[in-house]
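Take a look at the structure set out below.
Both ligands and their constituent atoms are indexed starting at 1 by order of listing.
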Amino acid sequence: MSADIIDGKAFAAKVREKVAGHVARLKEEHGIVPGLAVVLVGEDPASQVYVRSKGKQTVEVGMNSYEHKLDADTAEADLLALIDTLNNDPAVHGILVQLPLPKHLDEDLVINSINPAKDVDGFHISNVGLLGTGQKSMVPCTPLGCLMMLREHHGSLSGLDAVVIGRSNIVGKPMAQLLLGDSCTVTIAHSRTKDLPEVVRRADIVVAAVGRPEMVPGDWIKEGATVIDVGINRIERDGKNKLVGDVDFASAVERAGAITPVPGGVGPMTIACLLANTVTACCRANGLAEPEGLTA
Ligand code: NAD
(Lines give C-alpha, C1' and ligand atoms only; values in the text may rest on other atoms or scores of the structure.)
Protein backbone atom coordinates (compact mmCIF):
# COMPACT_ATOMS: atom_id res chain seq x y z
CA MET A 1 0.00 0.00 0.00
CA SER A 2 1.25 3.48 -0.78
CA ALA A 3 -0.08 6.38 1.26
CA ASP A 4 -2.07 9.35 0.00
CA ILE A 5 0.26 12.32 -0.18
CA ILE A 6 -1.18 15.32 1.65
CA ASP A 7 -0.27 18.24 -0.59
CA GLY A 8 0.45 21.14 1.77
CA LYS A 9 1.37 23.46 -1.07
CA ALA A 10 -2.03 23.06 -2.75
CA PHE A 11 -3.85 23.23 0.59
CA ALA A 12 -1.98 26.41 1.56
CA ALA A 13 -3.00 27.96 -1.77
CA LYS A 14 -6.64 27.21 -0.91
CA VAL A 15 -6.25 28.79 2.55
CA ARG A 16 -4.69 31.91 0.99
CA GLU A 17 -7.55 32.09 -1.51
CA LYS A 18 -10.08 31.95 1.33
CA VAL A 19 -8.16 34.65 3.21
CA ALA A 20 -8.00 36.84 0.09
CA GLY A 21 -11.78 36.47 -0.41
CA HIS A 22 -12.42 37.52 3.16
CA VAL A 23 -9.99 40.45 2.92
CA ALA A 24 -11.80 41.65 -0.22
CA ARG A 25 -15.17 41.48 1.58
CA LEU A 26 -13.80 43.38 4.59
CA LYS A 27 -12.59 46.09 2.25
CA GLU A 28 -15.79 46.28 0.21
CA GLU A 29 -18.35 46.01 2.99
CA HIS A 30 -16.57 47.72 5.87
CA GLY A 31 -13.68 49.71 4.38
CA ILE A 32 -11.24 47.79 6.56
CA VAL A 33 -7.85 46.51 5.39
CA PRO A 34 -6.22 43.98 7.75
CA GLY A 35 -2.61 44.86 8.60
CA LEU A 36 0.26 42.63 9.73
CA ALA A 37 3.39 44.11 11.33
CA VAL A 38 6.51 41.95 11.31
CA VAL A 39 9.46 42.91 13.49
CA LEU A 40 12.90 41.56 12.66
CA VAL A 41 15.83 42.23 14.98
CA GLY A 42 19.27 41.52 13.53
CA GLU A 43 20.35 39.84 10.34
CA ASP A 44 19.84 36.11 10.78
CA PRO A 45 19.73 34.91 7.14
CA ALA A 46 16.94 32.33 7.65
CA SER A 47 14.82 34.92 9.50
CA GLN A 48 15.34 37.42 6.69
CA VAL A 49 14.03 34.87 4.17
CA TYR A 50 10.97 34.09 6.34
CA VAL A 51 10.19 37.79 6.89
CA ARG A 52 10.46 38.56 3.16
CA SER A 53 8.17 35.66 2.36
CA LYS A 54 5.63 36.69 5.00
CA GLY A 55 5.58 40.29 3.71
CA LYS A 56 5.14 39.18 0.09
CA GLN A 57 2.27 36.80 0.86
CA THR A 58 0.57 39.36 3.11
CA VAL A 59 0.43 41.84 0.23
CA GLU A 60 -0.64 39.15 -2.25
CA VAL A 61 -3.82 38.41 -0.27
CA GLY A 62 -4.64 42.14 -0.19
CA MET A 63 -3.56 43.00 3.37
CA ASN A 64 -1.18 45.73 4.48
CA SER A 65 2.31 44.62 5.47
CA TYR A 66 4.42 46.70 7.83
CA GLU A 67 8.04 45.58 8.18
CA HIS A 68 10.21 46.88 11.00
CA LYS A 69 13.89 45.97 10.72
CA LEU A 70 15.97 46.75 13.79
CA ASP A 71 19.72 46.47 14.34
CA ALA A 72 21.06 43.38 16.09
CA ASP A 73 22.17 45.51 19.08
CA THR A 74 18.77 47.21 19.57
CA ALA A 75 18.09 47.89 23.25
CA GLU A 76 15.24 45.94 24.82
CA ALA A 77 13.50 49.18 25.82
CA ASP A 78 13.47 50.34 22.19
CA LEU A 79 11.97 47.05 20.99
CA LEU A 80 9.32 47.21 23.73
CA ALA A 81 8.54 50.81 22.76
CA LEU A 82 7.99 49.75 19.12
CA ILE A 83 5.68 46.93 20.23
CA ASP A 84 3.75 49.40 22.37
CA THR A 85 3.30 51.67 19.34
CA LEU A 86 2.08 48.73 17.23
CA ASN A 87 -0.25 47.58 20.04
CA ASN A 88 -1.91 51.00 19.91
CA ASP A 89 -2.02 51.37 16.13
CA PRO A 90 -5.55 50.61 14.86
CA ALA A 91 -4.22 49.84 11.35
CA VAL A 92 -2.20 46.93 12.78
CA HIS A 93 -4.27 43.83 13.54
CA GLY A 94 -1.43 41.32 13.82
CA ILE A 95 2.07 41.66 15.31
CA LEU A 96 4.79 39.09 14.82
CA VAL A 97 8.26 39.34 16.31
CA GLN A 98 10.50 37.02 14.32
CA LEU A 99 12.30 34.52 16.54
CA PRO A 100 14.98 33.79 17.55
CA LEU A 101 15.91 37.16 19.01
CA PRO A 102 19.52 38.18 19.69
CA LYS A 103 20.71 36.77 23.03
CA HIS A 104 20.62 40.07 24.97
CA LEU A 105 16.82 40.30 24.50
CA ASP A 106 14.40 38.45 26.79
CA GLU A 107 12.17 36.52 24.39
CA ASP A 108 9.42 35.80 26.93
CA LEU A 109 9.26 39.44 28.02
CA VAL A 110 9.09 40.65 24.43
CA ILE A 111 6.41 38.16 23.34
CA ASN A 112 4.32 38.84 26.42
CA SER A 113 4.40 42.57 25.72
CA ILE A 114 2.38 42.05 22.51
CA ASN A 115 -1.35 42.73 22.85
CA PRO A 116 -2.72 39.12 23.01
CA ALA A 117 -5.50 40.06 20.56
CA LYS A 118 -2.79 40.96 18.00
CA ASP A 119 -0.51 38.02 18.83
CA VAL A 120 -0.89 36.20 15.50
CA ASP A 121 1.88 33.73 16.40
CA GLY A 122 -0.18 32.61 19.43
CA PHE A 123 2.88 32.58 21.72
CA HIS A 124 1.63 35.10 24.35
CA ILE A 125 1.06 33.46 27.71
CA SER A 126 -2.64 34.51 27.62
CA ASN A 127 -3.16 32.73 24.32
CA VAL A 128 -1.35 29.65 25.61
CA GLY A 129 -3.70 29.63 28.62
CA LEU A 130 -6.81 30.23 26.51
CA LEU A 131 -5.89 27.38 24.16
CA GLY A 132 -5.14 25.10 27.12
CA THR A 133 -8.55 25.78 28.62
CA GLY A 134 -10.40 25.36 25.32
CA GLN A 135 -11.27 29.03 24.93
CA LYS A 136 -11.08 31.24 21.86
CA SER A 137 -7.43 32.21 21.33
CA MET A 138 -4.85 32.99 18.71
CA VAL A 139 -3.44 29.59 17.76
CA PRO A 140 0.23 29.03 16.79
CA CYS A 141 0.48 28.84 12.99
CA THR A 142 2.33 25.57 12.42
CA PRO A 143 0.08 23.39 14.61
CA LEU A 144 -2.98 25.19 13.22
CA GLY A 145 -1.85 24.22 9.71
CA CYS A 146 -1.37 20.60 10.82
CA LEU A 147 -4.86 20.56 12.36
CA MET A 148 -6.44 21.96 9.19
CA MET A 149 -4.81 19.25 7.08
CA LEU A 150 -5.88 16.51 9.51
CA ARG A 151 -9.48 17.76 9.56
CA GLU A 152 -9.53 17.96 5.77
CA HIS A 153 -8.26 14.40 5.49
CA HIS A 154 -10.27 12.74 8.27
CA GLY A 155 -13.32 14.88 8.77
CA SER A 156 -13.82 14.12 12.47
CA LEU A 157 -10.75 13.30 14.59
CA SER A 158 -12.87 12.24 17.56
CA GLY A 159 -11.60 9.18 19.42
CA LEU A 160 -8.45 8.72 17.33
CA ASP A 161 -5.16 7.90 19.04
CA ALA A 162 -2.67 10.68 18.33
CA VAL A 163 1.01 10.80 19.20
CA VAL A 164 2.89 14.08 19.03
CA ILE A 165 6.66 13.60 19.07
CA GLY A 166 8.24 16.76 20.49
CA ARG A 167 7.14 19.01 23.35
CA SER A 168 8.23 22.47 22.23
CA ASN A 169 6.10 25.49 23.07
CA ILE A 170 5.73 26.45 19.42
CA VAL A 171 4.80 23.09 17.91
CA GLY A 172 4.51 20.02 20.16
CA LYS A 173 2.51 21.37 23.11
CA PRO A 174 -0.02 23.48 21.16
CA MET A 175 -0.42 20.61 18.66
CA ALA A 176 -1.33 18.28 21.52
CA GLN A 177 -3.85 20.83 22.87
CA LEU A 178 -5.49 21.18 19.47
CA LEU A 179 -5.79 17.41 19.02
CA LEU A 180 -7.26 17.15 22.51
CA GLY A 181 -9.71 19.90 21.56
CA ASP A 182 -10.80 17.71 18.64
CA SER A 183 -11.31 14.78 21.06
CA CYS A 184 -8.26 12.68 20.16
CA THR A 185 -6.59 10.54 22.81
CA VAL A 186 -3.24 12.32 22.90
CA THR A 187 0.22 11.18 23.90
CA ILE A 188 3.11 13.63 23.91
CA ALA A 189 6.41 11.84 23.35
CA HIS A 190 9.82 13.46 23.76
CA SER A 191 13.52 12.80 24.17
CA ARG A 192 13.00 10.91 27.46
CA THR A 193 10.08 8.76 26.28
CA LYS A 194 10.65 5.04 26.94
CA ASP A 195 10.16 2.77 23.95
CA LEU A 196 9.21 5.45 21.44
CA PRO A 197 8.67 2.89 18.62
CA GLU A 198 5.91 1.17 20.64
CA VAL A 199 4.27 4.48 21.53
CA VAL A 200 4.24 5.53 17.87
CA ARG A 201 2.93 2.13 16.70
CA ARG A 202 -0.31 2.69 18.66
CA ALA A 203 -1.12 5.92 16.87
CA ASP A 204 -3.76 6.60 14.23
CA ILE A 205 -2.19 10.06 13.88
CA VAL A 206 1.54 10.75 14.23
CA VAL A 207 2.81 14.32 14.32
CA ALA A 208 6.61 14.44 14.29
CA ALA A 209 8.16 17.73 15.47
CA VAL A 210 11.64 16.87 16.63
CA GLY A 211 14.27 18.29 14.29
CA ARG A 212 16.17 15.02 13.70
CA PRO A 213 16.46 13.91 10.09
CA GLU A 214 14.41 10.81 9.24
CA MET A 215 14.41 9.51 12.82
CA VAL A 216 10.97 7.86 12.50
CA PRO A 217 11.27 4.78 10.27
CA GLY A 218 8.33 3.26 8.43
CA ASP A 219 8.16 0.20 10.70
CA TRP A 220 7.16 2.46 13.64
CA ILE A 221 4.04 3.51 11.73
CA LYS A 222 0.77 1.63 12.18
CA GLU A 223 -0.69 0.45 8.86
CA GLY A 224 -3.01 3.15 7.55
CA ALA A 225 -2.01 5.86 10.07
CA THR A 226 -1.86 9.53 9.10
CA VAL A 227 1.62 11.03 9.39
CA ILE A 228 2.22 14.76 9.69
CA ASP A 229 5.91 15.55 9.40
CA VAL A 230 6.75 18.98 10.81
CA GLY A 231 10.53 18.52 10.77
CA ILE A 232 12.68 20.57 8.42
CA ASN A 233 16.22 19.24 8.34
CA ARG A 234 18.98 20.13 5.92
CA ILE A 235 21.22 17.19 5.07
CA GLU A 236 23.83 16.35 2.49
CA ARG A 237 23.17 13.24 0.42
CA ASP A 238 25.01 12.07 -2.68
CA GLY A 239 26.97 15.32 -2.61
CA LYS A 240 23.77 17.41 -2.74
CA ASN A 241 21.99 19.53 -0.13
CA LYS A 242 18.53 18.21 0.59
CA LEU A 243 15.59 19.00 2.88
CA VAL A 244 14.16 16.04 4.78
CA GLY A 245 11.62 15.65 7.56
CA ASP A 246 11.72 13.83 10.88
CA VAL A 247 10.09 10.82 9.22
CA ASP A 248 11.81 8.47 6.79
CA PHE A 249 9.44 9.22 3.94
CA ALA A 250 10.49 6.32 1.67
CA SER A 251 9.61 3.62 4.22
CA ALA A 252 6.72 5.47 5.93
CA VAL A 253 4.87 6.05 2.66
CA GLU A 254 4.54 2.24 2.33
CA ARG A 255 2.79 1.90 5.72
CA ALA A 256 0.86 5.11 6.28
CA GLY A 257 -2.64 5.82 4.96
CA ALA A 258 -1.67 9.45 4.36
CA ILE A 259 1.52 11.43 4.81
CA THR A 260 2.84 14.96 4.35
CA PRO A 261 6.04 15.26 2.32
CA VAL A 262 9.02 17.47 3.15
CA PRO A 263 9.24 19.88 1.47
CA GLY A 264 5.69 20.67 0.35
CA GLY A 265 3.76 19.48 3.40
CA VAL A 266 3.49 21.40 6.67
CA GLY A 267 5.96 24.14 5.62
CA PRO A 268 3.73 26.09 3.20
CA MET A 269 0.80 25.91 5.64
CA THR A 270 2.60 27.93 8.32
CA ILE A 271 2.56 31.30 6.52
CA ALA A 272 -0.93 30.60 5.14
CA CYS A 273 -2.11 30.21 8.76
CA LEU A 274 -0.33 33.41 9.76
CA LEU A 275 -2.44 35.22 7.15
CA ALA A 276 -5.53 33.39 8.40
CA ASN A 277 -4.77 34.47 11.99
CA THR A 278 -4.33 38.09 10.87
CA VAL A 279 -7.73 38.20 9.18
CA THR A 280 -9.27 36.48 12.24
CA ALA A 281 -7.65 39.06 14.55
CA CYS A 282 -8.94 41.87 12.34
CA CYS A 283 -12.51 40.52 12.42
CA ARG A 284 -12.41 40.11 16.21
CA ALA A 285 -11.00 43.63 16.66
CA ASN A 286 -13.92 45.02 14.64
CA GLY A 287 -16.62 42.86 16.20
CA LEU A 288 -17.27 41.08 12.89
CA ALA A 289 -17.98 37.41 12.17
CA GLU A 290 -14.81 35.35 11.83
CA PRO A 291 -14.05 33.60 8.56
CA GLU A 292 -15.17 29.96 8.67
CA GLY A 293 -12.57 27.20 8.51
CA LEU A 294 -9.61 29.45 9.23
CA THR A 295 -9.45 29.02 13.00
CA ALA A 296 -9.32 26.10 15.41
P1 NAD B 1 12.57 22.01 19.45
O2 NAD B 1 14.02 21.73 19.29
O3 NAD B 1 12.13 23.19 20.22
O4 NAD B 1 11.87 20.74 20.10
C5 NAD B 1 12.21 19.44 19.70
C6 NAD B 1 11.50 18.45 20.57
O7 NAD B 1 11.88 17.15 20.14
C8 NAD B 1 11.84 18.54 22.05
O9 NAD B 1 10.65 18.68 22.77
C10 NAD B 1 12.52 17.22 22.39
O11 NAD B 1 12.08 16.67 23.63
C12 NAD B 1 12.09 16.31 21.26
N13 NAD B 1 13.14 15.35 20.96
C14 NAD B 1 14.45 15.58 20.76
N15 NAD B 1 15.10 14.41 20.52
C16 NAD B 1 14.18 13.44 20.57
C17 NAD B 1 14.21 12.05 20.40
N18 NAD B 1 15.35 11.40 20.14
N19 NAD B 1 13.07 11.36 20.53
C20 NAD B 1 11.90 11.99 20.79
N21 NAD B 1 11.80 13.32 20.95
C22 NAD B 1 12.93 14.03 20.84
O23 NAD B 1 11.98 22.03 17.97
P24 NAD B 1 10.66 22.70 17.34
O25 NAD B 1 10.82 24.16 17.30
O26 NAD B 1 9.44 22.10 17.94
O27 NAD B 1 10.80 22.17 15.84
C28 NAD B 1 10.80 20.78 15.54
C29 NAD B 1 11.06 20.60 14.06
O30 NAD B 1 10.01 21.22 13.33
C31 NAD B 1 12.34 21.26 13.54
O32 NAD B 1 12.87 20.47 12.49
C33 NAD B 1 11.87 22.58 12.98
O34 NAD B 1 12.71 23.06 11.95
C35 NAD B 1 10.53 22.17 12.43
N36 NAD B 1 9.56 23.28 12.34
C37 NAD B 1 8.91 23.41 11.16
C38 NAD B 1 7.98 24.41 11.02
C39 NAD B 1 7.24 24.52 9.72
O40 NAD B 1 6.74 25.56 9.37
N41 NAD B 1 7.09 23.45 8.98
C42 NAD B 1 7.71 25.29 12.06
C43 NAD B 1 8.36 25.11 13.28
C44 NAD B 1 9.29 24.09 13.40
Side-chain angles (χ1 to χ4, degrees), residues 5-13 15-16 38 44-47 49-54 57 96-101 107-108 111 120-123 128 131 138-150 162-179 186-203 206-217 219-221 227-235 241-249 252 259-277:
I5 308 298
I6 301 177
D7 184 346
K9 214 170 151 189
F11 197 62
V15 171
R16 284 196 302 272
V38 176
D44 178 69
S47 294
V49 172
Y50 289 137
V51 166
R52 216 173 301 133
S53 193
K54 285 166 185 172
Q57 292 192 33
L96 179 151
V97 177
Q98 185 66 42
L99 301 179
L101 287 172
E107 235 165 62
D108 287 338
I111 296 303
V120 280
D121 251 344
F123 296 159
V128 175
L131 178 62
M138 295 308 305
V139 177
C141 304
T142 300
L144 178 59
C146 296
L147 182 76
M148 283 184 187
M149 289 194 288
L150 284 167
V163 169
V164 180
I165 319 175
R167 55 176 161 182
S168 72
N169 289 338
I170 62 167
V171 189
K173 284 182 201 156
M175 186 74 245
Q177 296 286 5
L178 288 171
L179 291 166
V186 183
T187 303
I188 306 179
H190 46 78
S191 53
R192 304 294 173 89
T193 295
K194 285 185 194 149
D195 204 352
L196 184 61
E198 264 326 291
V199 171
V200 176
R201 277 188 192 112
R202 291 203 299 264
V206 179
V207 181
V210 182
R212 293 170 73 102
E214 299 171 331
M215 71 161 277
V216 179
D219 67 0
W220 290 12
I221 305 295
V227 178
I228 304 290
D229 191 351
V230 183
I232 302 177
N233 308 290
R234 268 164 229 286
I235 61 160
N241 289 325
K242 215 177 161 235
L243 275 191
V244 297
D246 292 342
V247 176
D248 176 39
F249 186 84
I259 186 167
T260 58
V262 177
V266 176
M269 285 297 288
T270 298
I271 298 185
C273 287
L274 173 68
L275 306 176
N277 276 349

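For Asp121, there are no side-chain hydrogen bond (donor to acceptor under 3.5 Å, both in side chains) partners at least two apart in sequence or on another chain. Residues satisfying the side-chain hydrogen bond (donor to acceptor under 3.5 Å, both in side chains) criterion with Gln98, sequence neighbours excluded, are Lys54. Annotation: side-chain hydrogen bond (donor to acceptor under 3.5 Å, both in side chains) contacts of Arg201 (sequence neighbours excluded): Glu198.
From Leu147, atom CG reaches atom CG of Leu179 across 6.5 Å, with rounding to the nearest 0.5 Å. How far CZ of Arg202 is from CH2 of Trp220: 13.5 Å, rounded to the nearest 0.5 Å.
Under the 3.5 Å distance criterion, the side-chain polar atoms of Asp246 are left unmatched by any main-chain donor or acceptor of Asp229.
Protein residues with a heavy atom under 4.0 Å from ligand 1 are Thr142, Ile165, Gly166, Arg167, Ser168, Ile170, Val171, His190, Ser191, Leu196, Ala209, Val210, Gly211, Arg212, Met215, Val230, Gly231, Ile232, Asn233, Val266, Gly267, Thr270.
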